[in-house]
K.L.:
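Pasting a structure below so you can have a look.
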Amino acid sequence: MKKLRKVYIALIMVFLYAPIALLVLYSFNDSKSRAKWGGFTLRWYQELFSDKVIISSLMTTLSIGLLAAVISTILGTFGAIVLYQMKRGPRNMMLNVVNLPMLNSEVVTGVSLMMLFALANLQMGYMTLLLSHISFCVPYVVLSVMPKLRQLEPNLAEAAQDLGATPLQGFFKVILPDIMPGVLSGFLMALTMSIDDFVVSFFTTGSGVSNLSITIYTMAKRGISPKINALSTLIFAGVLILMLILNLKDMKNPEGAKKIEKVKIPY
Amino acid sequence: MDNNIILSIRNVKVVFEDGFTALGGVSIDIGQNEFVTLLGPSGCGKTTLLRCIGGFEKPTSGEILYKGENIIPLPPYKRNINTVFQRYALFPHMNVAQNVAFGPSLRREDKKQISARVSEMLELVGLAGFEKRRISSLSGGQQQRVAIARALINSPDVLLLDEPLGALDLKLRREMQLELKRIQRESGITFIFVTHDQEEALTMSDRVAVMRAGEILQLGTPVDIYNEPESAFVADFIGASNILPSTMVRDHLVHFLGTDFPCADSGFGENNPVDVVLRPEDVKLKPESDPANGVVGVVESLLFKGVHYEMKVRTGADALLVHSTHARQVGTRVKMTVAPEDIQVMRKSDYSPDVRARKGEGGAQ
Amino acid sequence: MDNNIILSIRNVKVVFEDGFTALGGVSIDIGQNEFVTLLGPSGCGKTTLLRCIGGFEKPTSGEILYKGENIIPLPPYKRNINTVFQRYALFPHMNVAQNVAFGPSLRREDKKQISARVSEMLELVGLAGFEKRRISSLSGGQQQRVAIARALINSPDVLLLDEPLGALDLKLRREMQLELKRIQRESGITFIFVTHDQEEALTMSDRVAVMRAGEILQLGTPVDIYNEPESAFVADFIGASNILPSTMVRDHLVHFLGTDFPCADSGFGENNPVDVVLRPEDVKLKPESDPANGVVGVVESLLFKGVHYEMKVRTGADALLVHSTHARQVGTRVKMTVAPEDIQVMRKSDYSPDVRARKGEGGAQ
Amino acid sequence: MKHKNLMSLPFTLWAVIFIVLPLCLIVWYGVTLEIPVEYTQITLEDGSTAYKLEDGTIQTQEPWQKKAVISFSNFKRMVEPTYLKLLIRSLRVALLTTLICLLLGYPVALILTGKDFKHPSLWMMLIILPMWMNFLLRTYSWMSILENSGILNSWIASLREAIPAFDQFLSDRGVGNKIIFLYNENAVILGMVYNYLSFMIMPIYTVIEKIDHSLLEAAADLGASPSKSFLRVTLPYSLPGVLEGVTMVFVPAVTTFVISQLMGGGKVPLIGDVIQNQFGKSSDWHFGASLSLLVMVVVLAFMRGLHSIDKEEEVQKEVRIF
Amino acid sequence: KISVYNWGDYIDQETIEMFEKETGIEVEYMVYETNEDMYAKIANGKSSYDVIFPSDYMVERMIRENLLQKINWDNIPNVVNIDPRFMHQAYDPESQYSVPYTWGTMGILYNKSMVEEIPTSWKTLQDERYSMNMLMLNSPRDTIGIALIMAGHSLNATDAAALEEAKQLLIEQKPLVLAYVVDEVKDKMIAGEAAVALVWSGDATFSMAENDELDYVVPEEGSNIFFDAICIPANAKNVSGAEKFIDFLCRADVAAKNYEYVGYAIPNKAAIEVLGADEYNASPVNNPPQEVLDKCEVFKYLGEETKLYDQVWTEIISEY
Ligand SMILES: Nc1ncnc2c1ncn2[C@@H]1O[C@H](COP(=O)(O)OP(=O)(O)OP(=O)(O)O)[C@@H](O)[C@H]1O
Ligand SMILES: Nc1ncnc2c1ncn2[C@@H]1O[C@H](COP(=O)(O)OP(=O)(O)OP(=O)(O)O)[C@@H](O)[C@H]1O
Ligand SMILES: [Mg+2]
Ligand SMILES: [Mg+2]
């Protein structure tokens with residue numbers, strides 16, 4: 001049984017990582033085309049750093065991604081709580097409204113936001129790009145925080161306020177730590193969505209601001225440069241290392257003990 | 001208005017969304033440094049009343065005055081009132097010390113001082129050395145004590161305690177009772193205490209409010225409540241009692257169990273139906289042949305209760321609960337006598353056994 | 001091996017990951033249809049022992065035999081043992097009826113039959129008509145009763161009850177005690193019961209196991225435990241007691257509080273240090289001038305306890321707890337006497353007050 | 001009360017500006033049609049021709065301007081079988097994707113919260129991480145694996161060479177030299193499952209992780225075997241997470257477009273592709289808007305139905321965090 | 001500072017650096033994927049660019065809608081480098097608004113080892129022998145356009161009958177098609193995924209460089225010829241900078257450098273000299289036979305009629 005579980009997870013991992021492995025491989029391929037193995041090379045890595053467009057897109061992607069994820073996490077968590085506290089009727093209505101952007105085709109979201117910014121007479125650029133990313137990330141955050149709120153021990157917030165915490169203090173000291181997994185997964189989701197988004201970004205950005213997705217998509221016409229594979233490999237390695245470091249720290253910290261308690265879950 | 005009254009609850013009603021009336025107009029004035037206990041059966045609205053005072057439940061109607069000022073619009077954290085919750089509501093992601101230090105650390109008090117106070121509080125509740133323990137590794141009683149320490153450390157004006165000693169063993173419970181009582185006296189904090197233990201209520205309180213189905217039936221000092229219950233329900237609830245449908249023959253003479261008994265009460269008219277309440281410890285057992293005025297019965301069951309034996313003595317259709325330090329074997333015939341001052345006569349209420357039987361009301365609720 | 005023994009716990013040890021020894025080698029044999037109560041202070045390992053029996057905790061060492069077979073490797077769901085958990089563990093996503101029906105519906109019993117049984121069980125615990133209620137809308141006591149019904153409906157061979165009546169008011173508690181006792185007798189189910197209420201333990205049990213710090217100190221019938229405690233701790237825990245360091249002058253004569261008292265015990269040698277345990281209700285108060293053999297003291301405090309008054313009477317450095325149905329005002333000088341058969345002499349243990357004082361041990365833990 | 005309304009104000013405001021307003025714009029586009037403005041040709045004083053528009057402006061160029069008029073003709077066009085067929089296929093593909101994601105993802109969440117994995121959060125990160133590689137690159141990678149001349153086919157070919165029995169086995173079943181994995185609906189579904197799996201796992205994991213352990217103990221105590229206790233306690237308890245996961249997969253899956261193009265080789269077009277086209281090559285924003293309104297309504301109705309499963313009467317206590 | 005809005009990967013980045021160094025004008029370089037995307041952003045008016053690269057029909061549309069400004073040729077002396085036969089095209093008859101940047105054709109890319117004869121006719125795309133071995137373009141205008149040519153109509157036909165004929169042709173062809181692709185065609189052809197494919201000449205150049213087995217032909221029935229032009233939007237902020245940039249791009253050495261990077265045929269005869277005319281003309285991509293070229297048509301902006309194409313195309317692909 002235990003073996004089976006591990007094998008299953010391993011298979012899922014293979015599924016998830018097979019294309020990534022290939023991507024990494026391509027980054028060392030001495031041919032511009034995916035279809036041909038032209039021998040091992042590091043030249044894409046060299047060229048990568050001299051490509052102004054890619055580097056600046058990378059910067060935009062990262063800064064927009066992080067900013068949008070942080071802001072939408074704050075906004076979304078706040079929103080989830082506001083929704084959670086509403087009476088059932090208005091809450092369901094608001095929930096539907098908040099989920100609307102997810103129902104839209106990306107291009108519709110992109111175009112409608114573009115029209116919105118035009119109405120507001122905003123010059124397309126970094127700000128509009130950021131705003132649009134925030135706006136499509138928030139529903140995902142709300143969606144991941146909501147279930148955690150439902151699982152909350154109802155007296156917890158009360159206990160905090162009872163002890164003199166203002167609602168805000170109570171939130172930060174008691175509620176937030178408790179719903180943290182939901183908030184974190186919301187943040188991750190937002191970051192992921194933002195980094196991966198092309199369509200909405202395209203319509204809502206303006207001169208001078210381009211993210212990686214836009215650069216990559218527009219490259220497709222002429223063949224995606226293996227430089228992008230090299231970049232992806234670097235990002236991947238970076239995040240992986242960062243993650244391992246963070247987790248190693250985590251293992252040393254007493255919180256690790258908390259996990260051991262779970263040993264008895266029967267499945 | 002009385003200067004000493006710190007909390008004044010005026011006709012507070014709570015009707016839940018599903019239409020259930022949890023409190024049906026409760027009024028009570030609580031004095032500075034008073035120890036008031038709410039006593040009542042499960043589901044009678046004790047917790048709901050505390051939640052109204054704490055600010056977690058908005059009364060459907062009524063007023064709650066704190067030092068003369070209506071605090072209903074005030075959020076909980078602006079009330080100088082702390083609560084020990086019935087189900088503890090400890091913060092799961094903090095250890096014991098962090099839980100206890102929550103209040104003071106909010107007020108940004110000096111860290112060293114806080115940690116000294118935390119140790120002091122934990123010492124007080126018998127958990128010295130538990131500072132670093134995770135909440136989930138504590139036993140039920142230990143968790144409860146952490147909850148008490150967490151509330152006490154804030155030295156609030158009013159402390160609400162919802163069955164705070166419920167999970168403690170008798171010995172610890174006694175110790176904590178004395179400790180809480182001492183704290184209350186010395187600190188000048190007003191305690192509003194919920195318990196289902198009548199002995200606890202009688203021991204600790206300045207006044208006891210007996211509640212039933214969202215109403216306060218009787219409010220008074222422990223001795224008043226115990227000795228002069230105003231209704232059969234209170235009498236029964238405050239200590240196991242025998243409630244017998246009776247007839248007041250005339251002043252100072254009441255008829256029950258087929259016999260006339262002299263009694264201390266008067267003013268119920270003549271030949272009126274009343275209830276008589278007999279405490280089990282007030283019924284004395286004599287040999288059957290004893291000449292005293294009494295009723296003969298057969299011991300039906302015998303239970304050892306430590307301090308005394310509890311017997312059920314049957315006479316005709318009725319069975320009386322009797323406490324005695326001497327056991328009588330099951331089947332023994334005995335004569336039961338009661339001193340006139342131990343007979344409590346009270347007006348019929350819906351709690352009278354014959355009324356309840358007619359209504360078809362079952363056991364508890 | 002005894003045919004009647006259904007559960008045999010052999011030297012069970014539980015050491016938690018943080019090194020804490022919650023059970024230090026517990027052994028107990030439990031007979032078919034027996035009602036055994038675990039009694040002990042908070043944190044002594046009662047819940048842990050139940051969890052071992054239920055299968056939720058793997059003992060670090062030792063054996064648990066069920067009908068002669070070691071069940072330690074068996075998962076909980078394969079044991080015909082049900083538990084009423086200390087903190088209820090009701091399923092929040094199901095309503096009351098669904099919670100109660102959980103066990104039977106797992107066994108795919110007939111739906112109609114199940115719902116009839118559920119109603120019956122809810123009736124039994126006084127929650128008739130609560131079928132459709134959400135768990136979160138129940139009061140503490142109501143939740144506890146649902147937990148009881150949920151376990152009872154399965155008619156297991158062994159039922160483990162972890163302070164099942166903890167959140168109930170006295171009246172309901174009494175009723176439920178009788179009800180549980182009746183069910184146990186009639187159904188033939190073996191009950192292992194945890195309580196912190198000594199009266200409850202004494203009333204309901206066939207045998208009581210008094211635990212302390214992961215060990216069973218004494219196991220016996222309620223009367224044995226109450227009347228012949230083997231150690232000062234048991235005596236104290238089973239009912240508030242006065243424990244006095246004394247000297248056995250010779251057989252049938254013991255010296256304490258500066259006075260020689262005739263007593264029933266013998267066999268402790270001559271001039272040996274012993275402990276004497278006096279129950280508060282066994283100490284009789286006489287006027288100071290009474291000629292009987294006794295010690296004179298001053299009433300230091302007076303508490304109304306309903307059934308009796310509790311007084312602290314000081315004599316020299318010692319203060320005795322005394323129960324009496326007659327109150328003596330604080331400050332009154334009284335003579336305390338004890339009948340020889342009410343004096344319990346026992347060997348010194350680490351619980352003796354002088355030993356504890358030397359160790360600097362505080363209050364409870 | 002007032003205080004609570006105050007707290008909800010900023011969020012509501014945000015929702016109105018960034019959700020409701022853009023939606024209104026889309027609705028406006030959806031119910032309008034652009035038609036050329038009317039004009040008359042006039043001759044200016046200097047003899048050159050000019051054009052006078054409806055609103056009186058005069059220009060020398062032949063008018064290209066359009067005006068928007070309210071019209072529901074787009075909705076009529078929408079219900080033609082061509083589009084309905086695509087919509088139905090989109091729904092089917094999205095449903096299948098969601099189902100597969102659920103079946104694949106739920107066990108992952110369950111196993112990771114279980115006892116074998118000491119650092120579930122690390123594993124969760126590992127599950128998200130692939131999604132940080134660009135979508136197009138990931139999908140191209142899949143194509144390299146699955147193409148007729150791709151890695152999988154070349155592995156199968158070398159396997160066939162190495163093991164004649166295997167070769168025989170495949171040939172007997174009429175499998176050609178190259179197995180066509182791509183360019184069909186299955187490939188599209190594979191692509192979608194790949195891209196959305198993480199979004200299914202994450203919310204389910206988050207919920208299961210928080211299940212009160214004592215509930216599982218209680219279930220076991222009452223005689224529920226691990227599988228039963230899963231069905232009766234864990235599963236219903238994790239329903240909010242499942243619903244959320246289903247939403248996060250199903251909803252974007254209905255409107256996705258690039259995956260169907262790349263993995264399906266353009267042979268399995270979805271409604272998303274058509275919508276995308278209206279805003280792109282076909283330049284018919286009005287029809288695009290109408291189509292997306294249709295999709296929105298359908299998905300909304302679907303989600304409604306789904307959430308009625310979750311009839312868990314929530315605690316309607318006054319929950320106050322702020 | 002000027003803002004340049006171009007197709008993705010459609011310029012050699014080094015030339016931009018050269019320009020910046022030479023003129024001191026900073027270039028803000030942005031990319032788009034389709035003409036329509038670019039159009040939406042320009043028409044929206046909230047983004048301003050100084051130099052854009054629309055294709056023929058888009059130039060036509062933008063001229064009509066007043067979105068382009070006339071170019072002051074005095075400021076672009078290098079325009080003399082442009083081969084006059086590429087000026088004065090139908091989309092900008094008076095060459096007032098646009099400078100041609102690149103041009104190309106649509107044709108068949110084929111794998112020499114997989115075909116039996118050179119596919120010089122569009123009929124190849126209906127040949128059973130290439131069943132599940134041919135790739136078509138997933139682009140309504142282009143694919144329907146080719147079908148129209150096959151049926152003997154104009155590439156820009158809008159009458160229902162012609163379109164219906166084209167539609168039937170494509171529906172009949174559908175079972176033979178391995179996939180309808182866009183940019184992926186290059187990788188697939190390089191990998192030998194299919195024998196023949198409908199491609200734009202630029203993609204052919206790219207693919208042929210990676211796989212020697214591949215070759216390109218513009219079928220004899222004629223085809224589409226397209227131009228990507230350089231224009232200045234009406235709302236450009238830095239017109240003089242834009243003019244300098246356009247002039248720079250028309251310089252022989254720059255155009256040659258860009259050709260080498262981009263791979264599309266160029267209209268710059270001076271640059272072709274620099275590159276070596278013989279070598280340049282050897283490529284079938286750059287130099288299709290003149291008689292075929294004469295039959296080639298440029299896409300016209302069809303306005304409302306675009307919808308018809310879209311409708312027909314959706315009907316074709318939704319067939320299942
Ligand atoms: N949210 C709610 N909706 C409906 N009824 C409720 C709700 N909360 C509590 N009740 C009901 O109100 C009554 C009073 O509840 P409360 O918690 O005040 O009882 P209690 O006196 O504290 O009982 P216990 O001693 O068992 O804790 C109960 O019958 C309970 O079922
Ligand atoms: N997971 C754990 N890790 C470490 N120590 C633990 C853990 N669980 C319980 N303990 C400790 O073991 C001791 C026994 O706990 P147990 O829950 O059995 O007590 P109990 O007798 O049931 O007490 P109570 O009457 O308060 O419920 C306690 O001191 C407790 O702090
Ligand atoms: Mg309560
Ligand atoms: Mg316990």
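Below, chain A is the first sequence line, B the second, and so on; all start at residue 1.
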K.L.:
Top residue by heavy-atom pair count (under 4.5 Å) with chain D, among C:Gly54, C:Ala147, C:Ser105?
P.N.:
C:Ser105
K.L.:
C:Phe85 versus chain D, heavy atoms under 4.5 Å apart: side chain, backbone, both or neither?
P.N.:
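C:Phe85 touches chain D through side-chain heavy atoms alone.
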K.L.:
Can you tell me if C:Glu186 has over 12 outside heavy atoms packed within less than 6.0 Å of its CD?
P.N.:
yes
K.L.:
Using non-hydrogen atoms only, which part of C:Leu160 is less than 4.5 Å away from chain D: side chain, backbone, both, or neither?
P.N.:
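Neither part.
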K.L.:
Short question: side chain of D:Arg89, backbone of D:Glu185 - any donor-acceptor pair under 3.5 Å?
P.N.:
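Judged by distance alone, no pair lies under 3.5 Å.
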K.L.:
Report the C-alpha distance between C:Asn80 and C:Val158 in whole Å, list the side-chain angles of each, state the deciding distance to 0.1 Å, and finish with yes or no for side chain to side chain contact (heavy atoms under 4.5 Å, CB included).
P.N.:
CA-CA 7 Å; C:Asn80 202 3; C:Val158 179; over 6 Å; no
K.L.:
By a 4.5 Å heavy-atom criterion (distance strictly below it), what part of C:Leu106 contacts chain D: side chain, backbone, both, or neither?
P.N.:
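Both backbone and side chain of C:Leu106 come within 4.5 Å of chain D.
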K.L.:
In terms of the angle between their ring planes, are C:Phe35 and C:Phe193 parallel, tilted or perpendicular, with boundaries placed at 30° and 60°?
P.N.:
tilted
K.L.:
Please work out which of the three classes, parallel, tilted or perpendicular, describes the rings of D:Tyr196 and D:Phe199, given edges at 30° and 60°.
P.N.:
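Rings of D:Phe199 and D:Tyr196: tilted, 30 to 60°.
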K.L.:
Please rank C:Pro76, C:Pro75, C:Gly55 by heavy-atom pairs under 4.5 Å with chain D and give me the top one.
P.N.:
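Option with the greatest count: C:Pro76.
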K.L.:
Mind telling me whether D:Phe250 and D:Phe302 have parallel, tilted or perpendicular rings, with 30° and 60° as the class edges?
P.N.:
parallel
K.L.:
Is it the side chain or the backbone of C:Asn154 that comes within 4.5 Å of chain D heavy atoms, both, or neither?
P.N.:
side chain
K.L.:
Any idea which of D:Pro236, D:Ser214, D:Ala224 has the most non-hydrogen atom pairs under 4.5 angstrom with chain C?
P.N.:
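The answer is D:Ala224.
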